[in-house]
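Working notes for the structure below.
Chain letters run A, B, ... following the sequence lines, proteins first and then strands; every chain starts at 1.
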Amino acid sequence: MVTPSLNFGSLALEMLLLFSGIFLFLVDHFMKNKNYAFWVSVLTVIASLFILLFIPFGDFTKAFRVDFYSSSIKFLLTIGFFFLLFLSYPYLKTFSALNFGEYYGLLFFSLFGAYVMISSQDFLTLFLGLELMSVSLYFLIASQFLYKRHALEGSLKYFIAGAVSATFYILFLCILYYATGSIYFEEVIKKLSQGHLRGELLVSFVFFLGAFSIKLSLVPFHMWAPDAYESSPLPIVVFLAGIVKFALLAVLIKVLILAFSPLKLELGKLIIPFALFSILIGSLLAIKQDNLVRLLAYSSIAHMGFAVLGLTSGEFSGYGFSLFYMFVYLFTTIGTFALLIYFIKINTHLLNINNLAGISKDFPLCSFLFLIFLFSLAGIPPTGGFMAKFYIFVMLIKAKYIAVALLALLISVIGAYPYLRVIKVLYMDEGLIHYKKKSFSILLTLTLIVATFITLLLGIYPKPLLDFIQRTLFLYLSLQFFQF
Amino acid sequence: MEGLGILSAILWLPLLGILALFLIPREKEELIKLITLITVLLDFILSLILLLKFDYSNPAFQFVEKRPWLDIINSFYFLGVDGISILFVPLSTLVTLLCVLISWYSIEEKIKEFYLALLFTNIAMVGVFISLDLLLFYIFWEALLIPMYLIIGIWGGPRRIYSTIKFFLYTFFGSIFLLVAIIYLFLTFGTFDYTFLVGKALPFHVEKLLFLGFLIAFAVKVPMWPLHTWLPDAHTEAPTAGSVILAGILIKLGGYGMVRFLLPLFPQATLFFAKLILILSVIAIIYAGLACLWQEDLKRLIAYSSVSHMGFITLGIFSLNPIGIKGALLQMINHGIVTGALFMCVGVIYDRTHSRAIKYYGGLASTFPLYAALFMVFTLASIGLPGTNGFIGEFLILQGAFLKDRFLVVLAATGVIIGAAYMLWLYQRVFFEKPSAGVYNLAPMRWNELTALISMVFLVFLIGLYPNPFLDLMRVSVTKLLTNLP
């Protein structure tokens, strides 16, 4: 057992985020020129990348640990977050009524929560991080209530779903504590590996999974997602669909490995129906959507289904493939939303698919990039989306879940249709309105270049990233193994 | 294996063209066409060099390139050609070249996107024929859907959107079974390496399932009856170049896949299912042939004739003897040339009259004589008149199938007669009879159309009169292929 010590060095990254957030909140009132908030955020993120590279591994009390896995996940998240900032700036310029400092401050609080969650070593700290991450989001989703009629509705829905999720989680904690007398991962797994309590813990895990399904918007707890996404500012959708879910998945994997690994096969089976129904319902409901954000919300539900399919086998290569899937999805989403932000800069009605008809004539490059992202979302080679799905299927068939793999694949044929429909509208329909071109900001351009590059590169040569992810998991596991 | 092999060069040369096109502003249309033409021409020349350097007495894979690609799942960048695939490489590049020519004036909007899509198609087509790693094969196989979806959907006819989405979902649906089967093979033997997988024994029930997984994907592409319904729509609504690629290469991928993968990888299951596929082939031949007689749309008629002809090809493949398979392989090349040329011919008059209805035409022979002569050549080749390439292929196939099952051959041979009936009747309705109002004052044929069609005429007679070199190319490989069958 590692002796608890107050090693504040391990908290450096979280402290930085927290102080940046507070700083942005406090200073914002006195600043006339709001651009500073963006630059402070960018500096913070760059500083956190450096911290992540050099931070020594260690514990802060028993509850919080910086290790290779958590640092790597944070590193990937921070890169995503960096481009999220790039999206936020042009978006906020377009809708200047959002208060800049608060927006970035809340984002940092939320990210702070996500990082606490990723580093947590017990279920209570995990809960703290989870709620911290969500609370800021309730504000952020509603932050455009002056523009969007449904902003408050979306936020409230997310809030209520979050409350239910918290209830589930508390129930889980109660049962867990009743059964094991502890909330620490290490002690839970000790109790489990002694062979007792499997039944109790299985029951508790159902509630745990319920809580996480709500946050991951898995069917049947997906109802909040389309409304919340539609009412959010666009960069917040990326945050919700990409970064938050990436973090949640990483934590889920951590819990599965560290606390529940003796039960992982049973738990994997428990996940399958959630995953399959998410893919099915997400794909089916995406077909009829006219609003692009809603379409992407349903597609995100389906994608989360695919991502958690990787957890079903209980092998850690499967966990790695899940993370890989999420990373590909994160960057595809970033690219897609970069385009959407450009579109609404041209005209706010362009979020409706029908208004995009024939837009490829006036905006050939944008449409082409959109095409790449859409094919990646549909999972057609040579894009990252294909590789991500491919590895998930390899893993499923390896685990002898052939029927599951076939079902998921069959549904993914349906799932391709919504994207094909968007491409059809972009390229094949006759456009009636000609929109005037607007200048492309440098930040958006940069984001788009990186997102396209990553989407295509991961489709052709995903090896480096996969190796990296597998190494984090492997080292992590061997570290844990060593402690027994 | 040092440096860049010729196969990689053929495969990736169009990528240079794509990059060049990206840099050219879209207003410079002539330059865009010219660069595409030069790229595909160079690619075609390279593939001819490949053909000349190919050693036809060697049954092994040649020009092999093997580099590590995805270590984590033991997948390689593994290219190579043998007698089965060698002819398809020049065919692919030739078809793309002709597509560029034939589209020179007929594609008027989104020109840059069109030529980008064509070049991308070229990469994917060649990639399918030369990859020996199953995962790599699948990637090219699927990637081909992207440009085809766009080519049909953007530059197609009135019902293009329905057709292209149908085409996409149909083939995507077929491919998923292929994907599962490939992954299963990988997990059983730990590799995607085709050369390693050949001759590895599997339990019979597994083999049957995997065979079906591969078969569904190939059957959709071929397309075999009853999975053919996407094809008439897609062929009909596609622009000329799209139809030519579909008829010339895309549906050959299915036949190629059968010869390349089904026979060597699953010999037991092949024998088990051969009868079924032979019956389906004969149904396709007769059913599609009869369906041709009903058609009132030029392109739709030729599309259905494709289904019928592809029935001959699957018949040849699953007669499982050297003659039948050689015939099928040669017939795939022939069908690519002849049907591709027929679609080009339809494109020629469609560009002038904007009508595909057979009723609209009549008496073209007197108002457009050169065109009528060219069309006649391809009509006769499609029927399989001796002296044209269609005869050699069909004859070999029927001969091969005769050794396997006489009764079915008798039925299949009626397909030849039906073929003659619908093609000649088509020719009569379009070219003879009283000239209709729409066929006067047609613009003379342009240089690009003449070049494309005349080169096709040349090939029709070259293979028709002297098929030996082509058959020699595939002989050793086909013999080796059949040694795997029990």
Side-chain angles (χ1 to χ4, degrees), chain A residues 317 320-321 324 358 360-361 364-365 367-368 371-372 374-375 378-383 386-387 389-400 402-403 405-417 419-421 423-429 459-463 465-467 469-470, chain B residues 22 26 68-73 75 77 109-110 112-113 116-117 120 123-124 127 135-136 138-146 149-156 160-162 164-188 192 209 213:
Chain A
S317 62
F321 296 153
F324 177 71
S360 63
K361 213 165 201 168
L365 190 62
S367 314
F368 182 71
L371 182 88
I372 294 177
L374 286 167
F375 274 121
I380 311 289
T383 55
F386 167 72
M387 275 295 167
K389 283 206 175 72
F390 173 74
Y391 282 109
I392 297 277
F393 290 124
V394 169
M395 203 278 316
L396 277 179
I397 295 172
K398 194 172 179 182
K400 298 272 178 253
I402 297 179
L406 261 177
L407 266 176
L409 271 166
L410 280 174
I411 304 169
S412 78
V413 176
I414 305 172
Y417 177 76
Y419 311 117
L420 292 184
R421 178 165 162 245
I423 295 167
K424 179 210 95 175
V425 172
L426 286 177
Y427 275 97
M428 302 167 196
D429 284 355
I460 296 161
Y461 197 63
K463 187 170 164 296
L465 180 68
L466 268 171
D467 283 356
I469 289 177
Q470 298 294 0
Chain B
F22 265 119
R26 59 182 52 251
W69 177 40
L70 301 172
D71 299 359
I72 193 164
I73 48 168
S75 180
Y77 174 74
E109 58 173 26
K110 299 207 177 86
K112 188 166 165 179
E113 278 89 351
L116 280 174
F120 191 81
I123 296 179
L135 180 59
L136 196 63
Y138 183 80
I139 285 181
F140 286 122
W141 173 275
E142 281 288 271
L144 190 51
L145 285 182
I146 298 179
Y149 175 71
L150 297 176
I151 287 178
I152 302 173
I154 301 178
W155 297 279
R160 60 188 193 275
I161 288 161
Y162 167 80
T164 194
I165 288 181
K166 188 172 175 181
F167 156 74
F168 191 99
L169 293 182
Y170 237 104
T171 33
F172 194 41
F173 169 80
S175 314
I176 60 175
F177 296 98
L178 176 65
L179 181 63
V180 172
I182 287 179
I183 294 175
Y184 192 92
L185 270 180
F186 159 68
L187 291 170
T188 315
F192 288 104
L209 285 176

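The shortest non-hydrogen separation linking A:K361 to B:K110 is N-CE, 4.4 Å. Between A:M387 and B:I139 the shortest heavy-atom distance is CE-CD1, 3.6 Å. The shortest heavy-atom contact between A:A405 and A:F393 is O-CE2, 3.7 Å. Taking each heavy atom of B:L70 and A:K463 in turn, the nearest pair found is CD2-N, 4.3 Å. In this structure, A:S367 and A:S360 approach most closely via the heavy-atom pair OG-CA, 3.1 Å. The two atoms that bring B:E113 and A:P364 nearest to each other are OE2-CB, 3.7 Å, heavy atoms only.
Interface remark: of the candidates B:L145, B:I146, B:L116, B:I146 forms the most heavy-atom pairs closer than 4.5 Å to chain A. Highest contact tally toward chain B, considering only A:I414, A:L420, A:V413, A:V394, is held by A:L420 [criterion: heavy-atom pairs under 4.5 Å]. Ranked by heavy-atom pairs shorter than 4.5 Å toward chain A, the options B:W69, B:Y138, B:F22, B:F186 are led by B:W69.
Applying the ring-ring contact (aromatic ring centres under 6.0 Å, His included) criterion to B:F173, with sequence neighbours excluded, gives B:F177. In terms of the ring-ring contact (aromatic ring centres under 6.0 Å, His included) criterion, A:Y427 has no residue partners (sequence neighbours excluded).
Between the side chain of B:W141 and the backbone N or O of B:G127 there is no donor-acceptor pair closer than 3.5 Å.
There is no contact between A:L396 and chain B, counting heavy-atom distances below 4.5 Å. Contact of A:F375 with chain B is made through the side chain alone, with heavy-atom distances under 4.5 Å. Proximity to chain A is absent for every atom of B:Y77, based on heavy atoms less than 4.5 angstrom apart. For B:S175, no part sits under 4.5 Å from any heavy atom of chain A, backbone or side chain. Heavy atoms closer than 4.5 Å to chain A are found in both the backbone and the side chain of B:F172. B:L187 touches chain A through its side chain: at least one heavy atom from C-beta onward sits under 4.5 Å away, while N, CA, C and O do not. Looking at A:F390, the atoms closer than 4.5 Å to chain B (heavy atoms on both sides) sit in the backbone and in the side chain alike. Only the side chain of B:L179 has a heavy atom closer than 4.5 Å to any heavy atom of chain A. For chain A, the nearby parts of B:Y149 are the backbone and the side chain; heavy atoms of each come within less than 4.5 Å. If you measure heavy-atom distances from B:L135 to chain A, the contacts under 4.5 Å come from the side chain alone.
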